[in-house]
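The structure appears below as structure tokens.
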Amino acid sequence: MSERHKGNSLTGISHSAGPVLRVEQSIRSEIAAISPFVDKLMLLIKRCRCVPGSEIDVEVSLREALANAVVHGNHEDPHKHVYVDCHCVPNEGISIVVRDEGLGFSSTELPNPTAAEQLQSMHGRGIYLMKSLMDEVHFERGGTVVHMRKKCARAQNR
């Protein structure tokens with residue numbers, strides 16, 4: 001059985017290894033909207049079993065991407081939204097795209113958060129964490145869109 005979650009609807013499609021998950025959703029650009037959304041999505045991701053044992057990597061990366069989009073992209077403007085597209089295939093992996101309505105940024109100009117002069121900084125670790133925890137992370141549309149992918153450990157060993 002597959003699940004497609006768009007807004008508040010779910011529909012089914014079959015896959016031999018378990019439920020295939022596709023979620024397209026938006027949240028308001030408010031910090032308070034992040035945790036409830038991530039908590040619900042992570043329940044679906046765990047049920048799908050697309051990255052068994054690596055769910056925490058996905059959760060941390062998703063929280064960081066959403067926080068960056070809300071705070072830095074949309075400047076916590078409640079009239080703006082952050083859009084999430086998640087595709088999860090059992091025992092294969094997960095792909096997540098997060099898009100904001102901001103002006104973007106240059107991902108190549110970010111300081112290294114592990115450099116001595118950055119260790120006391122209160123910012124700059126989110127993208128570093130995302131790149132450390134996910135298999136692929138890249139930005140498009142001037143930094144307003146982040147694509148993240150995590151492969152299932154079993155799929156990588158095939």
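Note that these values count all heavy atoms, side chains included, but never hydrogens, waters or copies made by symmetry.
Contact between M130 and A65 at its shortest, heavy atoms only, is SD-N, 3.7 Å. Considering all non-hydrogen atoms of both residues, E76 and I31 come closest at OE1-CG1, 3.6 Å. The shortest heavy-atom contact between A33 and R28 is CB-O, 3.8 Å. Between S29 and N74, the shortest heavy-atom contact is OG-ND2, 2.6 Å.
The CE atom of M42 sits 12.0 Å away from atom OG of S35, with the distance rounded to the nearest 0.5 Å. The structure places CD of E64 at 10.0 Å from CE of M148, a figure rounded to the nearest 0.5 Å. Taking CZ of R49 as the start and CD of E92 as the end, the distance is 13.0 Å to the nearest 0.5 Å. From C88, atom SG reaches atom CG of L44 across 9.0 Å, with rounding to the nearest 0.5 Å.
Looking at V82 and L66, their side chains come closer than 4.5 Å, going by heavy atoms from C-beta outward. Between R22 and D85, some side-chain heavy-atom pair lies under the 4.5 Å cut-off.
Cluster membership for V60 and V146, using ILVMFWY side-chain heavy atoms within less than 4.5 angstrom, is not shared. In the hydrophobic clustering of this structure, L133 does not group with Y128; members are Ile, Leu, Val, Met, Phe, Trp, Tyr whose side-chain heavy atoms approach within less than 4.5 Å, directly or through other members. By the criterion of side-chain heavy atoms lying less than 4.5 angstrom apart, applied directly or through intervening Ile, Leu, Val, Met, Phe, Trp or Tyr residues, I34 is not grouped with L129; the two fall into different hydrophobic clusters. There is no path of hydrophobic side-chain contacts, each under 4.5 Å, that joins I45 to Y83. In terms of hydrophobic clustering, with Ile, Leu, Val, Met, Phe, Trp and Tyr side chains grouped at heavy-atom distances under 4.5 Å, I27 and V23 are assigned to a common cluster.
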Pair D77-H75, side-chain hydrogen bond (donor to acceptor under 3.5 Å, both in side chains): steps then yes or no:
CA-CA 5 Å; D77 180 344; H75 301 286; over 6 Å; no

Derivation of the side chain to side chain contact (heavy atoms under 4.5 Å, CB included) call for V70 and K80:
CA-CA 9 Å; V70 168; K80 292 184 177 182; over 6 Å; no

Only distances under 3.5 Å count here; give the side-chain donor-acceptor pairs of residues 94-105 to other protein atoms, sequence neighbours excluded, each with its distance to 0.1 Å.
residue: D100; atom: OD1; partner: G102; partner atom: N; Å: 2.7
residue: E101; atom: OE2; partner: H81; partner atom: N; Å: 2.5

Let me check something: any side-chain donor-acceptor pairs from residues 50-59 under 3.5 Å, sequence neighbours excluded? List them with distances.
residue: E55; atom: OE1; partner: G53; partner atom: N; Å: 3.0
residue: D57; atom: OD2; partner: K150; partner atom: NZ; Å: 3.2
residue: E59; atom: OE2; partner: R63; partner atom: NE; Å: 3.2
residue: E59; atom: OE2; partner: R63; partner atom: NH2; Å: 3.1

